[in-house]
Structure formats: C-alpha cells, structure tokens
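Encoded as structure tokens, the structure appears first; notes follow it.
Quick note on labels: first sequence line is chain A, next is B, and so on, each numbered from 1.
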Protein chains: 2
Amino acid sequence: MTEDLRQPVPTLEDVARVAGVSRATVSRVINGKRKVAAAVQETVLAAVAETGYVPNRAARSLVTRRTGMAAVVVSGSAAGPGEEADPSRALSDPFFGRVVGGFVRALRRHDVHPVLLFADTPEAEDQAVNYLRLGNVDGTLLVSTHGDDPLPGRLVEAGRPVVMFSRPARPVPVSYVDLANSDGGRLAAEHLVARGCTSLGLVSGPLDVPAARDRADGFRDRAARHGHAYVPGAADDFTFAGGEAATERLLAEVPGIDGVFAGNDLMAQGALHALRTHGRRVPDDVAVVGFDDSPVATQTRPHLTTVRQPAEEMAATMADLLVERIEDPGLPPRSVVFDPELVLRDSA
Amino acid sequence: MTEDLRQPVPTLEDVARVAGVSRATVSRVINGKRKVAAAVQETVLAAVAETGYVPNRAARSLVTRRTGMAAVVVSGSAAGPGEEADPSRALSDPFFGRVVGGFVRALRRHDVHPVLLFADTPEAEDQAVNYLRLGNVDGTLLVSTHGDDPLPGRLVEAGRPVVMFSRPARPVPVSYVDLANSDGGRLAAEHLVARGCTSLGLVSGPLDVPAARDRADGFRDRAARHGHAYVPGAADDFTFAGGEAATERLLAEVPGIDGVFAGNDLMAQGALHALRTHGRRVPDDVAVVGFDDSPVATQTRPHLTTVRQPAEEMAATMADLLVERIEDPGLPPRSVVFDPELVLRDSA
DNA sequence: CTGAAAGCGCTAACAC
DNA sequence: GTGTTAGCGCTTTCAG
C-alpha cells in the first residue's frame, strides 16, 4: 500500500481569506475582468502566490461552459466499401507528427489542451460528435485522411467551432487551413521540365482526396503548358506500399519514364524502391519529386526533392482560427491557404 | 454571422421530470449504484433515451474529483547539456504511432480520454506536473525518450497514478510496462551467430536510456556465449541519422563486419544506407537486425529482420494498469514485462 | 470598486 | 428503494 501523496489543493476561498477580500474579487483579479483597485490587486496576487492557487477547471467549466480543451480528431472514415479505416496508420506517417506537434505547441500558447480522438468506427465517430456537442471540448481540429468524409458536416452541426486540415471534399461551412496543392503540383512539373525530363508520370494519392487530386491537376496543368499533352498516372494509398505499387504500374505502362511526381513523401519513398528494383537510377535515369517535406525526405538515398508544406505553421494557424471562433462563435468560417515551396535535394 | 446551432443539452433534472422521479434516482440508474426498482429503472432509461441525456462531465467531475481523462505525456527532457529536447521528434518515429494508437484505443474502452502533453521545456514540465496534481487528469501515461529523466519522480509526487512505457532510468516507485530488452538483444545475437556471422557490431541507441543499454547488454551477453569476446559498438540517437552516423564509425573501426544489431528500426534503416554507401550488400555481406518492428521495417529494401515489440498490447496494458490504479489508488506500483519476438524478413 | 448571494449539473449522505 | 438536502469551486448578476 502506498500512501496517498495528494495534497490539499487551495481554492478561491482560501486565497480570499488570506488576502482578506471576497471570492468575487479574487476571481476578478484572476480573470482580469473589470477594474480592481491596484492595491487590492497586489494583495490578491500575493495571496495567490502564497497559497499556490490554481483555478479548478471543472468548477470553472461548469459555470462558463468552456473547458479549455480542443479535440484533435483523426478521421479515417472509409469512403468506399472495402476501404480500411485506420487512423493510426496516419500516425505512422511522420509528416503527421509534424502536424500534431504543431497542434500541441500552438494550443498550449492559448492554454488549451488537446484531447486525441480517433474516428475510426461509426461508434467512435458518434462519440466524437457527441463529445463536441456536449461541450466536453470547446472545438475541434480535424484531420481527415479519407476522401468523402461525412464527419466534417456532422461536427459542424454540433454547433461548435471546427477547423480542418485541408479543404473538405464536399462543401461544408467549416474553417480550414490548406496548402495550395495545385501550385505544389505546378512547382513539381516546372522543376521536372526544367531538368529536361521528357516523359513525365504521376504516382498519385487517392483521387477522392481533394489534396491528392489538386496536386495531380496542378502537375498536369503545368506539364501541358510545356507540351506534355498526356501525363500517365497511377493512384494508390498515401503509403510506402501504395507508392511502390503505383510506380510498378506506371513503369509497366511507360517503361521510358524519366520524371515522377509522387503524391507524398511516403509514396515517393516507395517509388524510389520500385525504381531501383527495376534498375532505374535516381536521379540519373528518373527524377523523383515528393510532397510534404516529411522527415522521411532525408531518410532516403538519394534525399528527396520535395514540395514542402509548412506543417507547423499550418497547424498553428488552425489552432489560432479555432481559438478565435471559440472566443467569438459568431465568426464565419474562414480559410487560410499556404504556399508550397520546392525543396531541392538529390532525387530531382 | 453563422447561427448558433447549439441545442439545449438536457440535464438530470429534465430526465427526472420526464420519468417522474427525483434527480438522485436518475443518477443512481445512470451510475448503476445501489439498487433501484426494476420498473423505475426502466422508466428512467426510457426517459434518458427520450431526452437524449448524457451526463455533464464538468459537473460530475466537480463532485467526484474524477475527470475521465488521462494525460499522455511525451517527455523529451534533455539529460545532458546540449541535448535537444524535442518530443515531436518522437512523433516522427512511426513506432511511436503504434504506441499512441494503442493508448487511444485502449483508453477508449475504459471511457477515458487522452490529453496529449509535451514535456519539452521546464515550463511545460511544470505544467504537466501541475495538471496532474490539480486533478485535471486522473492519471498519466508517460513516454520518456531520454535517459535520466526527472519527470517520473515529479509526476509520482503529484500523488496520482503514473504508468511508464519502459522502466525509469533511476528507481522510482512507479508502474511501468516494458519489454525484456536484453532478451531482445539475445535473440538478435543468437540469430546473427546462427547465420554464421563472425564479426558482430552494435549500432546502439543512447546508452543512458535503459532500453538501449539493455538491448546492447543482452546482445553482448549472448555473443560472448558464442565466443565473441569483444563486440564493438557505436552509440547515437534513436534516429535514422543516428543509425547512419554510428554505422559509419563502426565501419571505420571494423571494416570486415558482417553482422550488425541496431538499437531500433530507424537506426537500422540508417545502417542500411550507410552500408550501401560503403558498397556492402545486405544481407550477403552484412546481416542487419533491427528492433521494434516499426512500420519502417517493411519500408526498407531488404525488409528488416527485427525484434518485435508488441506495442499495441503494451500500450493497452499501460492503460489497464493506469485505470486499475485510478480506481484503487492504494494499489502498489506494478510492472509488466513483455517478451520480444524475432521477426524474420530479409535483412538477416 | 467590492461583497453577498445565486446557481452551473451532478453525487452522496442522510432521512423516510 | 427513493426523495431531500447539501455542497463540489467557480463566475456573475445585483446591490451598495
């Protein structure tokens, strides 16, 4: 049996007694509401320091209807039949680590704590919606990894702020932060063309995911301006295995390919392996451009030339948008779109 | 301006009115405490369904002193000077995704929600400790990525349950779930020796991290039983770059090495690249064994033969231990140690 | 500018 | 068994 080490936690009452004022006054000082005489303020602050007082969140939450918490929902809701919904697969993409890390740090600045939720089953989805609806969190940061996800709409209906990473597949009145994905695709095309590639190919993510489609569209759009009327492509999961498989298919269709644009860095890594298997040297025979600038970009040989997403900034902006909307629920949905940047390394 | 979609959330009072009983009775039915007449029970349940009632966590928490939340703390507290403390680096190890995914799913079964906290600065560390001490969470699941971390001790002093992933570097009365790391090292040595390797080497994680040290010790121990009196080693970060750098050093010391045991899969991946750079073929010239069975193990060519940690099970066990201790704070610290398993693939 | 008092939604003694 | 009552710790009118 271990002893109970819990120490009595001081309450407002205690501080008030020490400071010789009322609870209400202490509350005002702590929340900086209304004017409080400077002298009193000082006394109270001293009492707070002396007692080591910290507000009880449950009590505060009960009356303010605010919890100081935000849900971070990772949705893997399957679009089509047979699709597996596994949000923890998203967690195994190191790029995602950059995003989540960004959330945690940004929310912390606002004194908001992230509650991690997976929406990987219908029940879990309901739970996430309810969690929001009941006010267990003040708002939601949503990362959806699948295409036509109904969750954004459901969360918005819960009547509390939601900010998404990436624009929703179907129009929903929700705030989001996104990357100009098509510009990213253009950057990649421009680079490959400038490099002298004559046979371009696309190893794309799932085309029902807006980001994947936009990247592909941007790539083809810019390729077309340089005379590439037809750019063959193969789509697959946003994973290493997906990239490898798609590349195999591409290679079967166009053996002479010399420039590949992959939907993300994990797929690019898969492409690298497939190319090597088929005896192609990168970048000499085939140039490869990835997407994200995930930590894996420097864990490949050659290092990946890739289209960078400023994930941390994007995550921080999401947090800002969310907090704004929590503070003023009347604010309309807003979108912030970041510009991608080509990071030159060795693969192209 | 968007309309406020929030709907009035029913309270106990509402349910009581609909059911024609008192709040207390409804509360009893909901919490399954004490005996309630079957007929009344039914009426209440019907009323709950009709109103769509769900308990308000803040209110409940205020009186029960329980929040239904657990902190998931990722500590990157630096041991030595000059060490960078970046928990989001841990998030970029896909193995970590397996662990966090395990936490989320296991806690969900207990109806406990995970709050993600980084202890990456002294302030953040204080915050985490306070968060626990004040009862904003019922307990903590701690993953420490650095060696001599003072956080476990501090969290335990907060007087609430803490369960660690991996045993603490210094003795602290805390529950933990661990892998028999030295057995894992033995498994690797055994396999390499059986394969006919004659010149073994170690690409180890930071030696102040117990897991890294245990793996190395186990490896050397078993190697010694097979006559390998001296096993050269190089230690570095648990990262791709760390594995690459350590392998370079090892290769400089022992050019003829033909069997390498890496501290984790990320390091093994780095080793693979370093070996290739130096013209060594894997597994023909050098056999490589990794550790973790992280998602990266199948994202290398050749695929990694590796020592598997049952991460999801370990995470689930941590959640169980934590919940047990939350429910009965008198329970002494307990440890659960899992057995590693060699997963044979192509690198060794 | 400050204090008194009410009450957020819930559980837990304590009566009946 | 079930209802009544008293708070949990905090914010917030409302007086003064």
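Atom pair R17(B):CZ and dG9(C):P shows a separation of 12 Å (rounding to whole Å applied). The nearest whole Å value for the distance from the CZ atom in R57(A) to the C1' atom in dC8(C) is 17 Å. Note: CD (Q41(B)) to C1' (dG1(D)) measures 12 Å, nearest angstrom. Residue E42(A) contributes atom CD, which lies 13 Å from atom P of dT2(C) at whole-angstrom precision. The distance from atom CG of N56(A) to atom P of dG9(D) is 7 Å, rounded to the nearest whole Å. Computed from coordinates, the E13(B) CD to dC10(C) C1' distance equals 11 Å when rounded to whole Å. Distance, R66(B) CZ to dC10(C) C1': 15 Å, rounded to whole Å.
Annotation: salt bridge (Lys or Arg N to Asp or Glu O under 4.0 Å) contacts involving residues 21-30 of chain B, sequence neighbours excluded, comprise E13(B)-R23(B).
Side-chain atoms of R325(A) come within 3.5 Å of backbone atoms of P332(A) as a donor-acceptor pair (strictly under, hydrogens ignored).
OP1 and OP2 of dG9(C) both lie 4.0 Å or more from every side-chain N or O belonging to T11(B).
When the options L321(B), V337(B), L141(B), L322(B) are evaluated for a side chain to side chain contact (heavy atoms under 4.5 Å, CB included) with V177(B), the one that passes is L321(B).
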Per-nucleotide protein contact string for nucleotides 11-16 of chain D, where B marks a base within reach and S marks sugar-phosphate only (heavy atoms under 4.0 Å, - for neither):
BBBB--

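The closest side-chain donor-acceptor pair between D14(A) and T51(A), if any, does not fall under 3.5 angstrom. Under 3.5 Å, the side chains of D320(A) and H110(A) contain a donor-acceptor pair of N or O atoms.
Of the charged side-chain nitrogens involved, none lies within less than 4.0 Å of a carboxylate oxygen, so that D149(A) and R154(A) do not count as a salt-bridged pair.
Between K35(B) and L62(B), the residue whose closest nucleotide on DNA chain D is further toward the 5' end is K35(B).
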